[in-house]
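These values consider heavy atoms only, across backbone and side chains, with no hydrogens, waters or symmetry-generated copies.
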Amino acid sequence: MVARLDEKLEPIFQDVLHRNPGESEFHQAVHEVLETLGPVLTKYPNLVDSKIIQRICEPERQIIFRVPWQDDKGEIHINRAFRVEFNSALGPYKGGMRFHPSVYLGIIKFLGFEQIFKNALTGMPIGGGKGGSDFCPKGKSDNEIMRFCQSLMTELYRHLGEYTDVPAGDIGVGQRELGYMFGQYKRITNRYESGVLTGKGLGWGGSRARTEATGYGTVYFVQEMLKARNDSLDGKTVVVSGSGNVAIYAMEKAMQFGAKIIACSDSSGILVDEAGIDLQLVKRIKEVERRRISTYADEKPGSRYVKAGNLWSVPCDVALPCATQNELNGSDAKTLIENGCIAVAEGANMPCTTEAAQMFQAADIAYGPGKAANAGGVATSALEMQQNASRDSWTFEHTEQRLEDIMINIHRNCFETAAEFGSPGNYVVGANITGFLKVARAMDAMGLI
Ligand code: NDP
């Protein structure tokens with residue numbers, strides 16, 4: 001059920017397929033953007049002649065490198081790492097690093113491509129990039145993580161800089177990993193360049209509210225979508241996939257807005273607690289003790305952990321996929337719609353398959369795509385860069401207020417752009433066109449680059 005592309009866009013997509021074989025996630029991400037750009041080319045035919053879309057689909061630079069490291073027993077391991085510097089029309093490349101065994105070039109390119117438009121939507125001066133490695137951090141000791149991060153940064157440092165490329169965290173990369181990477185960068189370059197990485201610890205250049213930002217931002221976006229329908233999160237039941245950084249803080253903010261979280265998950269199964277998830281217990285298990293979420297059920301009577309269960313079959317008003325790409329398919333979307341779900345927002349990047357996203361839109365469910373709904377994380381990273389540049393440190397309240405304002409603004413821009421281009425209420429159209437036009441205009445102004 002893939003939508004047809006405009007006749008000017010289909011050859012561009014075929015070229016992307018041909019030039020990037022085997023990179024299915026990248027193809028999916030490009031297709032999803034191109035699907036919405038037909039009316040833009042009709043309105044601005046000059047963008048066809050200047051081949052802006054072809055240029056945006058080709059990364060400015062792609063770096064692939066070897067990361068050798070030694071485990072605690074002395075055995076040597078070789079991983080592969082990537083940094084795709086996709087587009088710098090609006091500012092230095094900005095986007096996280098992902099450590100997960102599934103990582104390959106196609107995943108990093110899909111994430112980097114999405115990042116271009118997401119970063120444009122924030123209104124901050126940041127370009128788009130992404131990186132990662134097929135390294136699996138699960139079960140590794142702190143020392144092994146440190147050796148891996150140091151080895152990775154020993155190559156990556158030469159491509160970074162606060163005006164060049166500024167990585168952050170993503171799946172498998174949190175403050176511990178960023179600390180090891182920052183330490184190695186500082187050691188090699190002999191520069192305390194705070195602005196070269198974001199998501200840092202508070203004691204060494206980090207921003208308050210960065211840890212919370214992606215999850216909080218996603219829920220601010222949901223609240224705005226519901227407001228546009230004269231509704232709110234108050235009293236709603238919410239299901240959140242994952243139990244990592246984004247999931248935990250999406251749960252926290254949804255609870256602050258009066259919602260009840262009844263289920264979350266990890267890659268092994270789902271946790272259902274109809275009495276309402278105890279977030280302090282989740283935080284202790286995941287953030288302090290680094291245990292599996294299944295152990296929650298051992299401590300909280302009345303809750304249950306179902307191995308390999310389907311989270312989306314738990315009836316809810318609002319669904320927040322916050323784990324990974326393509327985790328919610330057409331059959332899940334059908335179940336959610338039948339169970340009366342009214343809103344879906346993507347805390348993760350591209351968690352809904354193309355089919356699922358189209359089904360939500362056809363059913364008139366408020367559907368917030370990741371580019372818009374999870375942009376709060378990178379927006380707050382840009383706020384961290386601002387604080388680093390002015391050697392300042394803002395309060396939590398001030399930073400969170402900026403985040404809320406940014407999310408309200410993103411929602412308004414997407415809403416208005418969707419209406420302007422003939423698709424009222426369609427946040428996919430709104431997000432893609434708003435982000436695309438911002439980048440395209442900047443590229444156009446800078447000549448053929
Ligand atoms: P974390 O590593 O903190 O958490 C990831 C969570 O998702 C874990 O619960 C993990 O379970 C689960 N998960 C990962 N892979 C899979 C899989 N293949 N199948 C099922 N569950 C899986 O990552 P984040 O919370 O930071 O990131 C989550 C998503 O949000 C990603 O898509 C990321 O790109 C996106 N995102 C993150 C931002 C941020 O600021 N961190 C910003 C914007 C988007 P397990 O522990 O079992 O692996």
Side-chain angles (χ1 to χ4, degrees), residues 8-9 12-13 15-16 19-20 26 29-34 36-37 39-41 43-63 82-96 108-131 159-168 195-196 198 349 369-372 374-386 389 406 409-410 413-414 417 421 429-449:
K8 291 187 217 57
L9 291 160
I12 299 176
F13 183 64
D15 200 39
V16 167
R19 290 168 65 79
N20 305 277
F26 179 51
V30 171
H31 197 279
E32 192 228 84
V33 170
L34 297 194
T36 57
L37 295 185
V40 181
L41 295 189
K43 191 164 179 184
Y44 304 107
N46 60 312
L47 295 177
V48 178
D49 300 334
S50 60
K51 299 206 173 171
I52 287 277
I53 297 178
Q54 290 93 321
R55 282 194 266 154
I56 290 181
C57 290
E58 184 69 23
E60 289 176 15
R61 190 177 299 112
Q62 307 182 56
I63 302 144
F82 307 85
R83 187 76 190 162
V84 175
E85 298 180 333
F86 226 118
N87 193 295
S88 60
L90 297 179
Y93 311 106
K94 183 88 200 80
I108 300 301
K109 276 163 72 175
F110 118 64
L111 290 164
F113 185 74
E114 293 247 304
Q115 197 84 46
I116 303 170
F117 307 102
K118 179 190 309 193
N119 293 3
L121 276 173
T122 66
M124 315 292 282
I126 41 179
K130 197 82 188 185
H159 307 289
L160 307 183
E162 62 180 312
Y163 298 108
T164 311
D165 186 354
V166 183
V196 77
T198 61
N349 285 311
K371 277 184 211 81
N374 70 39
V378 75
T380 309
S381 277
L383 298 179
E384 183 174 330
M385 290 162 76
Q386 272 188 28
I406 289 168
N409 203 27
I410 292 175
N413 285 339
C414 293
T417 305
F421 283 86
V429 168
N432 287 347
I433 296 183
T434 308
F436 169 78
L437 280 176
K438 206 151 185 241
V439 176
R441 285 178 180 138
M443 287 175 74
D444 209 29
M446 292 177 198
L448 184 54
I449 54 166

Hey, are the side chains of [X] and [Y] touching, using non-hydrogen atoms and a 4.5 Å cut-off?
X: S88; Y: Y93; result: yes
X: I53; Y: L47; result: no
X: P167; Y: R83; result: yes
X: L121; Y: K438; result: no
X: L37; Y: K8; result: no
X: M124; Y: M385; result: no

Could I get the full list of side chain to side chain donor-acceptor pair (under 3.5 Å) partners for [X], not counting sequence neighbours?
X: S381; value: T198, R210
X: K43; value: E420
X: N20; value: K109
X: Q62; value: none

May I ask you to decide if the ring planes of F86 and F26 are parallel, tilted or perpendicular, using 30° and 60° as cut-offs? tilted
For residues 113-123, the side-chain hydrogen bond (donor to acceptor under 3.5 Å, both in side chains) pairs (sequence neighbours left out) are E114-K371, Q115-N119, K118-N349, K118-N374
For the side chain of T434 and the backbone of A431, is there at least one donor-acceptor N/O pair under 3.5 Å apart?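 Between the backbone of A431 and the side chain of T434 there is no qualifying donor-acceptor contact (under 3.5 Å).
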Sequence neighbours left out, what passes salt bridge (Lys or Arg N to Asp or Glu O under 4.0 Å) with [X]? Give chain and number order.
X: K94; answer: none
X: R55; answer: none
X: E162; answer: none

What is the minimum heavy-atom distance between [X] and [Y], and which atoms define it?
X: F113; Y: A29; result: CE2-O, 3.7 Å
X: C57; Y: P59; result: O-CD, 3.7 Å
X: A120; Y: L90; result: CB-CD1, 3.5 Å
X: G376; Y: T380; result: O-OG1, 2.8 Å

Among K130, R61, H159, find the residue that satisfies the side chain to side chain donor-acceptor pair (under 3.5 Å) test when tested with E85. R61
Nearest 0.5 Å please: distance from the [atom1] atom of [X] over to the [atom2] atom of [Y].
X: K51; Y: E58; atom1: NZ; atom2: CD; answer: 13.0 Å
X: I56; Y: I116; atom1: CD1; atom2: CD1; answer: 6.5 Å
X: L437; Y: N432; atom1: CG; atom2: CG; answer: 10.5 Å

Ring pair (Phe, Tyr, Trp, His ring centres under 6.0 Å) against F436, all qualifying residues, sequence neighbours excluded: none
Excluding sequence neighbours, so at least two apart, what forms ring pair (Phe, Tyr, Trp, His ring centres under 6.0 Å) with F421?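 By the ring pair (Phe, Tyr, Trp, His ring centres under 6.0 Å) rule, F421 matches no residue at all.
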Could you give the side-chain donor-acceptor pairs of residues 439-449 under 3.5 Å, partners two or more places apart or in another chain?
residue : atom : partner : partner atom : Å
R441    : NH2  : Y44     : OH           : 3.2

Strictly by salt bridge (Lys or Arg N to Asp or Glu O under 4.0 Å), give each pair with a member in residues 376-386 just once, sequence neighbours left out. K200-E384
